[in-house]
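Working notes, beginning with the structure itself.
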Amino acid sequence: MHDTSVHLCLPAMRGAELTKLGWSQPHQYEDYGIEFMIYGPRTEEELELVLSIIIESLSFARHASIPRH
């Protein structure tokens with residue numbers, strides 16, 4: 001099986017929320033508390049959720065407001 005996880009930077013509170021929901025864990029090489037490993041999707045529905053998390057990460061990286069879904 002291949003690892004399909006995604007490694008992203010997110011606001012610390014959002015990453016903690018996703019971790020609590022079972023969607024992520026802090027990255028093992030985190031330096032700033034904003035690095036998270038997001039679990040890979042297994043279904044089309046999960047793919048949509050993971051893509052929305054990636055969009056959040058891009059917004060965070062651009063210092064834009066983070067859209068909430």
Would you check, one step at a time, whether the test salt bridge (Lys or Arg N to Asp or Glu O under 4.0 Å) holds for E17 with R14? CA-CA 5 Å; E17 177 184 24; R14 178 62 172 149; 2.7 Å; yes
My understanding is that only residues two or more places apart in sequence, or in another chain, count here; which of them pass side chain to side chain contact (heavy atoms under 4.5 Å, CB included) with Y29? H27
Could you state whether L21 and I38 fall into the same hydrophobic cluster, counting links through intermediate Ile, Leu, Val, Met, Phe, Trp or Tyr residues with side-chain heavy atoms under 4.5 angstrom apart? yes
Does I34 reach the side chain of L8, with side-chain heavy atoms less than 4.5 Å apart? no
Residues joined to Y39 in its hydrophobic cluster, side chain to side chain under 4.5 Å directly or through other members, sorted by chain and number, are M37
Here the pair of heavy atoms bringing G15 nearest to S24 is O-OG, 3.4 Å
Using the test side chain to side chain donor-acceptor pair (under 3.5 Å), find all partners of E30 that sit at least two apart in sequence or belong to another chain. none
Rounded to the nearest 0.5 Å, how far does CZ of F36 lie from NE2 of H7? 13.5 Å
Which pair of non-hydrogen atoms, one from S57 and one from C9, has the smallest distance, and what is that distance? OG-O, 2.8 Å
Inter-residue atom distance I54.CD1 - L47.CG, 0.5 Å rounding: 8.0 Å
In chain order, what residues pass the side chain to side chain contact (heavy atoms under 4.5 Å, CB included) check against T4, with sequence neighbours excluded? none
Quick one: salt bridge (Lys or Arg N to Asp or Glu O under 4.0 Å) pairs with a partner in residues 45-54, sequence neighbours left out? R42-E46
To the closest 0.5 Å, what do you measure between CD (Q28) and CD (E35)? 12.0 Å
Would you please name every residue forming a side chain to side chain contact (heavy atoms under 4.5 Å, CB included) with L49, sequence neighbours left out? W23, S52, I53
Compare all side-chain heavy atoms of T19 with those of P26 and state whether any distance is below 4.5 angstrom. yes
